[in-house]
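Just so you know, residue 1 is the first one in the sequence shown, and it goes up from there. Just so it is clear, the values below take in all heavy atoms, side chains as well, and ignore hydrogens, waters and symmetry mates.
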Amino acid sequence: MEHRIVGPGPYRATRLWNETVEIFRAKMPLRKHRCRFKSYEHCFTAAEAVDWLHELLRCSQNFGPEVTRKQTVQLLKKFLKNHVIEDIKGKWGQEDFEDNRHLYRFPPSSPLKPYPKKPPYQKDVIKFPEWNDPPPGISQENIPVRPVVMNSEMWYKRHSIAIGEVPACRLVHRRQLTEANVEEIWKSMTLSYLQKILGLDSLEEVLDIKLVNSKFIIHNVYSVSKQGVVILDDKSKELPHWVLSAMKCLANWPNCSDLKQPMYLGFEKDVFKTIADYYGHLKEPLLTFHLFDAFVSVLGLLQKEKVAVEAFQICCLLLPPENRRKLQLLMRMMARICLNKEMPPLCDGFGTRTLMVQTFSRCILCSKDEVDLDELLAARLVTFLMDNYQEILKVPLALQTSIEERVAHLRRVQFQKSYPEVYQERFPTPESEALLFPEKPKPKPQLLMWALKKPFQPFQRTRSFRM
């Protein structure tokens, strides 16, 4: 009952689906069952399928021990809908699977998910401005020139240029390192860093680079509070005050200083339901639809915890600032609730940690299109986030330092090209310093007077000291 690790890369959710279907068909025990005075060979009950598949998912490193029996039933409903299994009479196509004694069997062949075909597009190569590139709209052919009177000297110059003895003159335009150039540097280096961590040849199957906003990356790096939480410029995108007050109440339970209303029995459950309803009705998950494949791909690195944390750090930098802020506040609240021993049970049927994962996993990660394993993958991601949210939601210092050094280097080059004389004065080379400040001859060490004297002699008694 082994489930191999599906690493990062394109279509990881589809690969996981096909891997799970193949193992389920190959290893699920089949036996003879009786139903209504009739015997059926090579079949299994719904409860047997739930038991076996639940154990498989919990032991798999692709999903983890947090998988619940309810999630397993949901997956088997999707198996029935996609004709991975059928009931004993050959019916399938609806999600009416229940955890009971109803009999099911495998069809002659269970269809595997085809890999989606995306239209190929060329990878965007970010080209930084060259110092001799003309501005847009200007070409070398349209350079204005004054008519000259042809004489022997001019004819000689043109003839020399024509035969290659003298290079032709070209109009050189000096370009400035604009704000747009700096944003492109942040975008290109961030994506290159993510591609290197994932070990992929290209990000085009995992991420649409055209949808990555460089302004989001820069804002998430620099516009943060002392606690590392993103500060929004547009206050209309903040969490509603009543939601923020409810989150503070549960995060600081039982010291709810921000709440003035009197408490009652079950008050904390109502506050939690208020928060869950708000996040559950978001139009888009916090990790956004277009980053779904990127985050699912990173889940293949969970066996290397440090590498996975670095990859999640980069992916979270790509989020819109308002989404990153909501995620930071939500994960902080969830972690505090799970660690709070004074918090009463918020649900009778689940533990606090399981309740947090089941309640908020869907609003954190889900796919825009129907993905049959998105609930299990979201639960796996949220579990890892809860354990490592402080590190994951930090700005990666190595990446920030690398980009800042790159931008500073390009600005020095820009200054050197534009003002070579001033640059030479401000940043002299060792050769120019040697010309400006020639090395002075070193003075010979002076002889000290005490060195010329005789060495110390012991005291000798003379006649004048006689008694």
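Partners of K70 according to the salt bridge (charged side-chain N to carboxylate O under 4.0 Å, His left out) rule, which considers only residues two or more places apart in sequence or in another chain, do not exist here. For K77, the salt bridge (charged side-chain N to carboxylate O under 4.0 Å, His left out) test picks out no residue, with sequence neighbours left out.
The distance from atom CD1 of I314 to atom CG of L191, rounded to the nearest 0.5 Å, is 9.5 Å. In this structure, L373 CG and L16 CG are separated by 6.0 Å, a value rounded to the nearest 0.5 Å. In this structure, CD on Q74 lies 10.0 Å from CG on L376, to the nearest 0.5 angstrom. Note that CG of L393 and CZ of R325 are 13.0 Å apart. Values are rounded to the nearest 0.5 Å. Separation of atoms CD (Q328) and CE (M333) is listed at 14.5 Å; rounding is to 0.5 Å. From K32, atom NZ reaches atom SG of C43 across 10.5 Å, with rounding to the nearest 0.5 Å.
Between the side chain of N18 and the backbone N or O of L112 there is no donor-acceptor pair closer than 3.5 Å. Between the side chain of T354 and the backbone N or O of F350, no donor-acceptor pair lies under 3.5 Å. Side-chain N or O atoms of Q195 include one that pairs as donor or acceptor with a backbone N or O of D201 at under 3.5 Å. Remark: side-chain polar atoms of S402 are not paired, donor with acceptor, to backbone N or O of A398 under 3.5 angstrom. Using modelled atom types, no side-chain atom of S60 and backbone atom of L56 make a donor-acceptor pair closer than 3.5 Å. A donor-acceptor pair under 3.5 Å is formed between the side chain of D234 and the backbone N or O of S236.
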Note to self: Applying salt bridge (charged side-chain N to carboxylate O under 4.0 Å, His left out) to R69 and D51, what does each step give before you reach the verdict?
What the structure shows: CA-CA 8 Å; R69 190 175 182 88; D51 292 337; 2.7 Å; yes
Next item on the list: Apply the test side chain to side chain donor-acceptor pair (under 3.5 Å) to residues Q313 and E391: give CA-CA distance (whole Å), side-chain angles for both, the deciding distance (0.1 Å), then the verdict.
Entry: CA-CA 8 Å; Q313 283 180 336; E391 290 295 325; 4.5 Å; no
Check: So L250 and N340, side chain to side chain contact (heavy atoms under 4.5 Å, CB included) or not? Walk me through it.
Finding: CA-CA 10 Å; L250 293 186; N340 189 355; over 6 Å; no
Margin query: Assess the residue pair L75 and Q71 against the criterion (side chain to side chain contact (heavy atoms under 4.5 Å, CB included)); give the C-alpha distance rounded to whole Å, side-chain angles, the decisive distance to 0.1 Å, and a yes or no.
Written below: CA-CA 6 Å; L75 180 57; Q71 289 176 327; over 6 Å; no
Checklist line | salt bridge (charged side-chain N to carboxylate O under 4.0 Å, His left out) evaluation trace for E86 with K91 | finding: CA-CA 6 Å; E86 61 185 15; K91 295 181 180 180; over 6 Å; no
Margin query: Applying side chain to side chain contact (heavy atoms under 4.5 Å, CB included) to L103 and T45, what does each step give before you reach the verdict?
Written below: CA-CA 4 Å; L103 294 180; T45 66; 3.7 Å; yes
Item checked: Working for side chain to side chain donor-acceptor pair (under 3.5 Å), residues R12 and S297 -> CA-CA 6 Å; R12 185 174 185 269; S297 184; over 6 Å; no
Notebook entry, point to check: Would Y264 and F267 count as a ring pair (Phe, Tyr, Trp, His ring centres under 6.0 Å) if you check the C-alpha gap in whole Å, the side-chain angles of each, and the deciding distance to 0.1 Å?
Noted result: CA-CA 5 Å; Y264 52 85; F267 174 79; 5.4 Å; yes
Note to self: Show, in sequence, the C-alpha distance, side-chain angles and deciding distance for E48 and R31, and conclude whether the side chain to side chain contact (heavy atoms under 4.5 Å, CB included) test is met.
What the structure shows: CA-CA 11 Å; E48 290 172 349; R31 61 187 182 90; 2.7 Å; yes
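Remark: of the listed residues I403, I218, N213, V212, V212 is the sole one forming a side-chain contact (heavy atoms from CB on, under 4.5 Å) with K187. Evaluated for a ring pair (Phe, Tyr, Trp, His ring centres under 6.0 Å) with W17, the options F63, F24, F79, Y11 yield exactly one hit, F79. The residue from K368, K78, R380 that alone fulfils the salt bridge (Lys or Arg N to Asp or Glu O under 4.0 Å) condition with D374 is K78. Screening N323, V296, L381, L318 against L287 for a side-chain contact (heavy atoms from CB on, under 4.5 Å) leaves a single residue, L381.
T72 is listed as a side-chain neighbour of V67, based on a closest heavy-atom distance under 4.5 Å. Using a 4.5 Å heavy-atom cutoff, the side chains of K326 and L319 are not in contact. The side-chain heavy atoms of F289 and C366, taken from C-beta on, include a pair separated by under 4.5 Å. Counting only heavy atoms from C-beta outward, the side chains of Y40 and C35 approach each other to under 4.5 Å. Contact check for R336 versus N252: side-chain heavy atoms found under the 4.5 Å cut-off. With contacts defined as side-chain heavy-atom distances shorter than 4.5 Å, the pair L291/C315 does not qualify. Side-chain contact check for V382 versus M334: some heavy-atom pair is nearer than 4.5 Å.
Ring geometry for F312 versus F384: interplanar angle of 30 to 60°, hence tilted. Ring planes of F97 and Y104: tilted class, angle from 30 to 60°.
Checked against the 6.0 Å centroid criterion, the rings of F272 and F360 qualify as a close aromatic pair. When ring centroids are compared, W92 and F106 stay outside the 6.0 Å threshold.
Environment of NZ in K283: sparse, with no more than 12 heavy atoms of neighbouring residues, nucleotides or ligands closer than 6.0 Å. More than 12 heavy-atom neighbours from other residues, nucleotides or ligands sit within 6.0 angstrom of CD on E41. Within 6.0 Å of the NZ atom in K304, the count of heavy atoms belonging to other residues, nucleotides or ligands does not exceed 12.
Between the side chains of D277 and T274, not a single donor N or O lies within less than 3.5 Å of an accepting N or O.
A salt bridge is absent between R58 and E66; no separation between the charged side-chain nitrogens and carboxylate oxygens falls under 4.0 Å.
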